[in-house]
Amino acid sequence: MWEDLRKEARKLEGQLDVKLAGYAKLCSGFEAGGKGGGAAAEQLSKQKAAEIEALLQRLGDVNHDMGGAIAGASDSRSHTLARHRDILQDLTQEFRRLDHQLGAARDRAELLAGGAELPLLSVQVTSSSGTGALLRERATLTTSTNYVDDMLAQAQSVSRSLLEQRRIFGGVQDKLVTVGERFPAINGLLNAIRRKKSKQAAAAAAAASKRAARPHPRRRPARRGRAMSGKAGSKRDGGAALVAQQAKKIKSIDDVLRLVKKLSEASKRETGAEKSLAELNIPHDVREVVDKDADAVLDEIEAAMLEVATTILAGHGFSFDVPSRAKGNQLYVPELDRIVLKDSAAKRSFASTQQCRKTTVTARILGLVHELCLKHINVTKRDLFYTDVKLFEDQTQSDAVLDDLSCMLGCTRSSLHVVASEKGVVVGRLTFTEDGDHIDCRKMGVGGKAIPPNISKVSGIASDALFILLVEKDAAFMRLAEDRFYNDYPSIIITAKGQPDVATRLFLRKLKLTLKIPVLALVDSDPYGLKILSVYMKGSMNMSYDSSNLTTPDIKWLGVRPSDLDRFSIPAQCRLEMTDEDIKTGRKLLEEDFIRSNPEWVAELELMLKTREKAEIQALSSFGFHPDRERAPPPAAMASTPRELALFSAKISEQAERYQDMVEEMKRIAQMAGEQELSVEERNLLSVGYKNLVGARRASWRILQSVEQSEVAKGNEKRVALIQKYRATVEKELDGVCGEILELLDGHLIPSASTCEASVFYLKMKADYHRYLSEFKTEDDRKDAAEKTLLAYNAAQEKALAELPSTNPIRLGLALNFSVFYYEVMNQPEKACNLAKQAFDEAISDLDTLGEDSYKDSALIMQLLRDNLTLWTSEMQDQEKGAEPAKA
């Protein structure tokens, strides 16, 4: 489609150049003749101006369609489109200049002939150029007056429409119940429910501007000095002898790897599933949440609000039953090694002076979550806070109520479509797919890959690592990443940069369950480091209701332990004195059931409190930075895989518009599909490359066919023979390109498709290229190509209708091309119209489920479906051949 539009734009630009040149000659004739050319010349000038305006309008429409075809892409096509738009602007300006010049010449000729008098002017004008200016000024004033009249008419029409809408809404407002008048928050939510039930909710409302949520750093003691290098430490504590003594206590790489392999093998042998709360016969009722889809969350919200409305109408007041997340309602379960929440709720009443505001905040956030679920969009907690800053006052208040609602509705916080901003990072021997994009964490540099806030979009996790290294702080993470620690010790390194966020906890648990490898933790030797580690393992009291999804039991505390300070002779200047706050926190930890169930942790904490010493992870720098050790090369110096090089070359070829080279590179990648399925980016590049190759040849074939028909009508047999020979060459090239991609599809791509979307994409692609063959084939070959096209389209349609939503761009594109096939190849316009209309109507009815990311693509294809329906219906009614229908 893009190539066809671009060729049409070039054709129109050439026609405009010719027309403008003729119009310029006509202007020169008017100026040279003085009196113009009479009625015939006047008629000719108007005709040429009308033709130029029509061509400019058509070129503007083509540019608009080109913009829709690339749908905001930032590849080379956007630059091509910009050039075409510049040409259109230049052509328009040139026409306006010539038209102005012709008008001035016409005015001058009329004045010189005595045919243009100005009776309203008392000033005698002798200059012909001055008179022309006055005439043009009067014409401008007349045009402005007409424009103002048109604007007033439009304003009156809009005013009448608004008055009618006000009358309709006024009738609805009279029927609102007393509940809505007394409680605006409930009124807004009930109205939202009605809009959802009647399927008239807004389909693609713009999401709130996404600001990064500010992380809440945990409170730390007073800033400590940096850990000193090994050289300075050894000088103060006895020099090189101490460093040598330390080195003897460090195990070799081989020894460490042997221990880690044993631990990894033991983890993989652990096949027993975690016991459920029901199996443990706990003497308390507990509350836990699960993942729910948007419809289930909407049902929960609506049920809760309707219950509130019922209690108000019954005279019992406005209140919510909110589960209590107080410390006394927490329960540590040793069998699960985590905290759970007892099932105890408290009334949050609007009538209470202490709870009135919090009840209002609860109703407000409930309404916002309802809106998010309706529109299927995700926002951060910071976005949610900024929707009503005056009411929420502080983000901690809106965050707390959000957790209350998650617990009250029985769903995870991510099910509410509210996520935390990116905080944690990962690096090392790990690959996964994030929303269709392939991620290799070995190539993410020192900073690592940000852990996605929406873990549900992470799939295809693969790794050859022996363990996961969980690091408390960002500085230690960067040191390990820069040293390429994971090359010598096959591992995945993760950090949440302090207090663990929800996304990092979810991601760590998902890695542990998928890869079945041990998790080793490296935290500061202080009470805060141990507290952070305990949150990963047993959960936090704030989110104990979701501990089954957020906790990762059996994390091994690798260090830094209080006993390590003496064991490895950490220098005195690297040890810090504990503050009163540190000691208080350490004593509180000793009172927790989770800590008391781990005797080793109790012993380490008691040692820490006894010595009143703590140390950061950076204290290990006293061993030095190992300058004698050969550094692993940075990712840029590592040899890329053949697939990565081919992908890079394909992108460069596309930017240079060398589509034959692009196809050669993508063909190599397609032949590797058996090893690893093509990503969304790769299959799109494959489609673009072949579509451009075939599109150029299809356009050439159409031009040759048109010229051939023209020469046949003239009876030029020699020219007809020459054109037929040239057309046969183009058909041979088309046959070769289509055969090549069809072979790739049947031999590699379709068999390797693991998702419904990929399978439909490839089957549609197969049908499209059989359709291209049927366009120029004849007799039996055409019939065979048409049959194969129909089989492929039917197979794709069956899968798409069964598994893809009606608004999916691939499903809509399939319906568009399938209907074109029925209309152009099979000559069945009624079937084509029925297919296009069904796809359009289904997508319209499901617009409220359309996500923001695919809205542009789906809307563009729906527009093409509607345009084709309009054109085909008109042709069927008039029995006349119209314009060529749009194709994807």
Side-chain angles (χ1 to χ4, degrees), residues 1 4 670 673 683 686-687 690-691 693-695 697-702 704-705 727-728 730-753 756-804 810-839 861 864-865 868-869 871-872 875-876 881 884-888:
M1 177 181 177
D4 293 341
R683 77 185 188 208
L686 178 78
S687 176
Y690 274 101
K691 192 67 180 288
L693 277 189
V694 171
R697 288 162 176 79
R698 289 174 69 205
S700 301
W701 186 86
R702 291 194 190 102
L704 290 173
Q705 187 186 43
R727 181 163 58 82
V730 175
E731 290 176 356
K732 185 178 179 181
E733 291 179 2
L734 267 173
D735 208 358
V737 175
C738 291
E740 185 177 279
I741 182 59
L742 288 171
E743 184 180 344
L744 285 174
L745 288 164
D746 288 332
H748 300 280
L749 300 175
I750 294 176
S752 68
C756 174
E757 191 170 273
S759 182
V760 173
F761 182 92
Y762 293 136
L763 286 170
K764 170 186 170 294
M765 199 173 177
K766 178 179 177 179
D768 288 342
Y769 283 91
H770 277 303
R771 173 164 63 87
Y772 301 152
L773 289 173
S774 68
E775 289 176 348
F776 66 87
K777 295 287 186 180
T778 58
E779 299 177 354
D780 291 341
D781 290 338
R782 175 183 171 86
K783 183 179 179 182
D784 180 62
E787 289 176 353
K788 290 179 178 177
T789 304
L790 186 60
L791 286 173
Y793 273 139
N794 278 328
Q797 184 84 332
E798 183 179 352
K799 285 180 175 289
L801 293 177
E803 300 186 46
L804 295 182
I810 295 177
R811 175 172 165 175
L812 286 171
L814 170 63
L816 174 66
N817 288 12
F818 200 177
S819 62
V820 169
F821 168 72
Y822 271 124
Y823 190 86
E824 292 187 345
V825 179
M826 302 298 288
N827 197 23
Q828 298 179 14
E830 290 185 1
K831 211 162 189 176
C833 288
N834 290 337
L835 180 60
K837 187 175 186 305
Q838 180 183 354
I861 301 173
L864 294 175
L865 283 168
N868 281 356
L869 276 171
L871 178 62
W872 293 341
E875 288 181 348
M876 290 169 63
K881 188 175 182 180
E884 181 183 357
K887 302 180 183 67

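Note that the coordinates shown come from a computational prediction; the quantities given were computed from them, not determined experimentally.
The aromatic rings of Tyr793 and Phe821 sit tilted relative to each other, their planes meeting at an angle between 30° and 60°.
Rounding to the nearest 0.5 Å gives a distance of 8.0 Å between CG of Leu869 and NZ of Lys837. Summarising the geometry, atom CG belonging to Leu742 is positioned 9.0 Å from atom CE belonging to Met765; distances are rounded to the nearest 0.5 Å. Taken to the nearest 0.5 Å, the NZ atom of Lys766 stands 8.0 Å off from the CG atom of Leu791. Summarising the geometry, atom NZ belonging to Lys799 is positioned 14.5 Å from atom CZ belonging to Arg811; distances are rounded to the nearest 0.5 Å. Remark: Leu814 CG to Leu835 CG distance equals 8.0 Å, nearest 0.5 Å. If you take CG on Asp4 and CZ on Arg702, they are separated by 5.0 Å, rounding to the nearest 0.5 Å.
Shortest non-hydrogen contact noted between Leu812 and Ala839 is CD2-O, 4.1 Å. Across all their heavy atoms, Arg697 and Val730 have their closest contact at O-CG1, 3.5 Å. Of all the heavy atoms in Val737 and Leu693, the pair that sits closest is CG1-CB, 4.2 Å. When all heavy atoms of Lys764 and Ala796 are compared, the pair lying nearest together is N-CB, 4.0 Å. When all heavy atoms are compared, the tightest approach of Tyr762 to Arg683 is OH-CB, 3.7 Å. The shortest non-hydrogen separation linking Ala670 to Leu749 is CB-CD2, 3.9 Å.
No side-chain donor-acceptor contact under 3.5 Å links Ser759 to the backbone of Cys756. Looking only at distances, a side-chain donor or acceptor of Asn794 sits under 3.5 Å from a matching main-chain atom of Leu790. Ser819 places a side-chain N or O within 3.5 Å of a backbone atom of Ala815 that can act as its donor or acceptor partner. In terms of modelled atom types and a separation under 3.5 Å, the side chain of Asp784 and the main chain of Asp780 share no donor-acceptor contact.
The shortest distance between side-chain heavy atoms of Pro829 and Trp872 does not fall below 4.5 Å. Here the side chains of Phe776 and Asp781 are not in contact, with every heavy-atom distance at 4.5 Å or above.
Partners of Tyr769 under the ring-ring contact (aromatic ring centres under 6.0 Å, His included) rule, at least two apart in sequence or in another chain, are Tyr772.
Within 6.0 Å of CD in Glu830 there are 12 or fewer heavy atoms belonging to other residues, nucleotides or ligands. The environment of Lys777 atom NZ is dense: over 12 non-hydrogen atoms of other residues, nucleotides or ligands sit within 6.0 angstrom.
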Stepwise, does the side chain to side chain contact (heavy atoms under 4.5 Å, CB included) test hold for Val694 with Leu734?
CA-CA 6 Å; Val694 171; Leu734 267 173; 3.8 Å; yes
Kindly indicate, with the supporting measurements, whether the criterion side chain to side chain contact (heavy atoms under 4.5 Å, CB included) is fulfilled by Glu775 and Arg698.
CA-CA 9 Å; Glu775 289 176 348; Arg698 289 174 69 205; 2.9 Å; yes
With side chain to side chain contact (heavy atoms under 4.5 Å, CB included) as the criterion, how do Asn868 and Tyr823 come out once you've worked through the C-alpha distance, each side chain's angles and the decisive distance to 0.1 Å?
CA-CA 10 Å; Asn868 281 356; Tyr823 190 86; over 6 Å; no
Can Glu731 and Arg727 be said to form a salt bridge (Lys or Arg N to Asp or Glu O under 4.0 Å), step by step?
CA-CA 6 Å; Glu731 290 176 356; Arg727 181 163 58 82; 2.9 Å; yes
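A salt bridge does not link Asp735 with Lys732: every distance from a Lys NZ or Arg NE/NH1/NH2 to an Asp or Glu carboxylate oxygen is 4.0 Å or more.
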